[in-house]
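Structure, as structure tokens:
We name chains A, B, ... by the order of the sequence lines, and we start the count at 1 in each one.
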Amino acid sequence: MLDTNKMDATLRALSDPTRRAMLARLAQGEATVSELAEPVAISQPAISRHVKVLLEAGLVEQSIDGARRPCRLAAGGLRELDAYLDMLRHALERNYDRLDRLLQAQKDKRKKHP
Amino acid sequence: MSKLTLTTEGETFIVVKRRFAASPEDVYRAHMDPALIAQWLLGPDGWTMPVCINEAKVGGKIRYEWNNGKGGGFFLTGEILELAPPHRIVHVERMHMPGVTPDNRVTTTFEADGAGTLMTMRMSLPDAATRKAMLGSGMERGMEASYARFEALFVKGVAA
């Protein structure tokens, strides 16, 4: 069940506000570990540990560019989970809008034939 | 009428909340009476439920079959584990896509909320294989999920 483990890693990675802030920063473009550490008052080793979690979760990729090791969002890291939740939300919204109308119709019927 | 909230809870659950302008009794019945279920539990527009079985008792069986009229279809089977009308339904369900997905235990509660009802549904977040099967079922509406929407939907959910 490798996929399930990977999803757990994804959700665990997302459960931390610092890591979410780092993802939001990376959504604007690639950044090095020291650049990621700048806006948050956290030491670079601590940021490196967060980067490791994001790498293991498949949310972030790191390349080697001479002395630089820029991080960027991994293509597709969240797309599939996001697509699933989006589909579920859409299906449920349709369901409950229909249920609203059904419940209203029942009320109207009762008013007419109490 | 009312906005649905869908959030992830920890690493394994999805929690859906929705308000209805009707009593818990009415909303509960709409979840247990097959004649009513078949009118709303249809997912995206264009789908129908030609088979709707819900035995509405503890130990009772559930079987829902959906069809999109374009060759797409799947069905769900399940059993009812607990009932406390009109406030609580616990059931287990699995999709047949046709491959069968792992059991999903779903707890649905209905609380009086002013003149209406607050429904809370808590269920398992499906594993990656199940999500993939669902996304291939013809229910999806575009896969162009963006990180912008991830911000709007998912981060809020995790933070909540």
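For chain B, the nearby parts of Leu99(A) are the backbone and the side chain; heavy atoms of each come within less than 4.5 Å. For Leu102(A), the part lying under 4.5 angstrom from a heavy atom of chain B is the side chain only. Val16(B) touches chain A through its side chain: at least one heavy atom from C-beta onward sits under 4.5 Å away, while N, CA, C and O do not. Looking at Ile14(B), the atoms closer than 4.5 Å to chain A (heavy atoms on both sides) all sit in the side chain, from C-beta outward. Proximity to chain B (any heavy atom under 4.5 Å) is restricted, for Arg110(A), to the side chain, taken from C-beta onward.
Cation-pi geometry between Arg94(A) and Tyr96(A) is not met at under 6.0 angstrom from the ring centre and within 45 degrees of the axis.
Looking at Asp108(A) and Gln104(A), their side chains do bring a donor and an acceptor atom within 3.5 Å of each other.
Hydrophobic clustering (side-chain heavy atoms under 4.5 Å, transitive across Ile, Leu, Val, Met, Phe, Trp, Tyr) groups Leu4(B) together with Trp40(B).
Using the six-membered ring where Trp is involved, His96(B) and Phe75(B) have ring planes that are parallel, under 30° apart on the 30 and 60° scheme.
A salt bridge does not link Arg29(B) with Glu25(B): none of the charged nitrogens is closer than 4.0 Å to a carboxylate oxygen.
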